[in-house]
Chemist: 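Before anything else, here's the structure in question.
Here the structure is a predicted model, which means the values were calculated and not measured. First the proteins, then the strands, lettered A, B, ... as listed; each starts at 1.
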There are 2 protein chains.
Amino acid sequence: MSSKNQSREKILEAATQLFHLQGYHATGLSQILKVSGAPKGSLYYHFPEGKEQLALEAIERFGSIVSAEIRKHLNEVDDPIEAYEKHILHISRKFEDVSTLPNNSETLPIGLLAAETALVNENLRIKCEGVFNDWDSIHKEKIMASGFSDEQAQSISITINALIEGGITLCLTTKSNKPLLEIIKMIPLLFTK
Amino acid sequence: MSSKNQSREKILEAATQLFHLQGYHATGLSQILKVSGAPKGSLYYHFPEGKEQLALEAIERFGSIVSAEIRKHLNEVDDPIEAYEKHILHISRKFEDVSTLPNNSETLPIGLLAAETALVNENLRIKCEGVFNDWDSIHKEKIMASGFSDEQAQSISITINALIEGGITLCLTTKSNKPLLEIIKMIPLLFTK
DNA sequence: GTCTATACATTGATAGAC
DNA sequence: GTCTATCAATGTATAGAC
């Protein structure tokens, strides 16, 4: 990897983490630079359009990482109930010790960024919408593979998406993994035929 | 009402609306003053501790408004399934036309504020946690009244809270009320005995 | 590719007059 | 109770040297 891309990479990585932990508005470019350890003069060289470009790329990267993780979890088990229980359990582990959260940023959601920018920045909103749609497709495919109709799969899929996003918000707020653990108990009911 | 309280009231009202639509960090004191129409010099007189105090009171006020609305909806119908379907349908109406959202801020959630401040401002986090707990109690009471055990009611209640918060995030992001409408379809399953 | 210096706006907040 | 003036800090962004 060229040295150009090394700096770019470090900045983008720090931005991805900070944006989705603290949000878009609470995260300053100076903080991103500091955390990344990248050369201080290089930000606008690599990201000529500044903060918004950085956020757009961060959302995209974040979406792909999570997509991959969702796919991985869902492929491990055939039964969708068991698969989603494991998936959500995996997410909930990140809230067992909230103090380590900042190092654990792989699979958190984009709910914060999405809600924060939805009414304020149309470009970012559309990016977030795209990410949600990607996740939704993955869920839908999995659910339909176990015999649910297109329409049923749609409802279940959106519901699971909302449950995860909302559950994470509750975990963050209560500094506990209990909300997601409670949600897991309800998963089987969603797949009632 | 004294004129002192009139200004205070106008500021707090504007702050409540702006904070929960745009978030804490994206909302400036100047914007609050402008929207409120309150005298420009009066903010720090009424709120000596500045922005944080304003947010704490806004969250509190917001929590009570929503609590009252939840109670109202849940009391209208005996059957919890029907009651929650109506409750969520009511919320979803606010997303039929997103352009009018800013005038419609009564029953949006505090998910944005909660997620935004959870890792950054402990005072605000605790306030949000308290609000979530209040809502949770209301749900739990309703659910237990129809014959569910304490433990079951706990799971269902948290799940509903997460569904609503997550569903609203999805509605905001997609500028549509469809996510909440899909979620409504799954409500009956949550109450399987 | 990276640095420094800087411009410029805006933020939250304070002091003191009225 | 309200105003104005002002503060320091921080925000994003740009220009030009190296």
Chemist: Would you call the rings of B:Y24 and B:F19 parallel, tilted or perpendicular, where under 30° means parallel and over 60° means perpendicular?
Modeler: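 Rings of B:Y24 and B:F19: tilted, 30 to 60°.
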
Chemist: D:dT2 phosphate, OP1 or OP2: any side-chain N/O from B:S7 under 4.0 angstrom?
Modeler: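 The answer is yes; a side-chain N or O of B:S7 sits under 4.0 Å from OP1 or OP2.
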
Chemist: Which comes earlier along DNA chain D counting from the 5' end, the contact point of A:Y24 or that of A:G41, where each point is its nearest nucleotide?
Modeler: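 Looking at the nearest nucleotide for each, A:Y24 comes out on the 5' side.
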
Chemist: Take atom CZ of B:F47 and atom C1' of D:dT2, then tell me their distance rounded to the nearest Å.
Modeler: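 These atoms are roughly 15 Å apart.
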
Chemist: Would you call A:E122 and A:R125 a salt bridge, using N to O less than 4.0 angstrom?
Modeler: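 Salt bridge flag = yes for A:R125 with A:E122.
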
Chemist: Starting at CD of B:Q31 and ending at P of C:dA9, how long is that distance when rounded to a whole Å?
Modeler: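 Distance, rounded to whole Å: 19 Å.
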
Chemist: Once you round it to whole Å, what is the distance between P of D:dT6 and CG of B:L29?
Modeler: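 In whole Å, D:dT6 P lies 21 Å from B:L29 CG.
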
Chemist: Tell me yes or no: between the side chains of B:H25 and A:Q22, is some donor less than 3.5 Å from an acceptor?
Modeler: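 Per modelled atom types, B:H25 and A:Q22 side chains form no pair under 3.5 Å.
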
Chemist: Ignoring the backbone of A:P39, work out which of C:dT2, D:dA13, D:dT2 is nearest its side chain.
Modeler: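 Closest of the options to the side chain of A:P39: C:dT2.
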
Chemist: To the nearest Å, how far apart are A:L43 CG and C:dA5 P?
Modeler: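 Those two atoms, CG and P, are 18 Å apart.
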
Chemist: Distance check needed: D:dT12 P versus A:I11 CD1, whole Å only.
Modeler: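 Result: 13 Å.
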
Chemist: Without decimals, in angstroms, what is the distance between B:K40 NZ and C:dA13 P?
Modeler: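 It is 18 Å, rounded to the nearest whole Å.
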
Chemist: Heavy atoms from C-beta onward define the side chain here; which of C:dC3, C:dG12, D:dT2 lies closest to that of B:Y45?
Modeler: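 Comparing C:dC3, C:dG12, D:dT2 against the side chain of B:Y45, the answer is D:dT2.
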
Chemist: Report the nucleotide, chosen from D:dC3, C:dT2, D:dG11, that has the shortest atom-to-atom distance to any side-chain atom of A:S30.
Modeler: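 The listed nucleotide nearest to A:S30's side chain is D:dG11.
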
Chemist: Which whole-number value in Å describes the distance from B:E49 CD to C:dT14 C1'?
Modeler: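 After rounding, the reported distance stands at 15 Å.
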
Chemist: Answer yes or no: does a side-chain N or O of B:H46 lie under 4.0 Å from OP1 or OP2 of D:dT2?
Modeler: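 Yes, such a contact exists.
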
Chemist: Indicate the ring-plane relationship of B:F191 and B:Y84, choosing parallel, tilted or perpendicular according to the 30° and 60° boundaries.
Modeler: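 Rings of B:F191 and B:Y84: parallel, under 30°.
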
Chemist: Taking CG from B:L54 and C1' from C:dG12, how many angstroms apart are they, rounded to a whole number?
Modeler: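 It works out to 12 Å between those atoms.
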
Chemist: Please determine, for the side chain of A:Y44, which listed nucleotide (D:dT12, C:dA13, C:dT2) has the closest atom?
Modeler: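 Of all the options, the side chain of A:Y44 is nearest to D:dT12.
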
Chemist: For the CD atom on A:E52, are there more than 12 heavy atoms of other groups (residues, nucleotides or ligands in this structure) within a distance under 6.0 Å?
Modeler: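 Yes, because the 6.0 Å sphere around CD of A:E52 holds more than 12 heavy atoms from other groups.
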
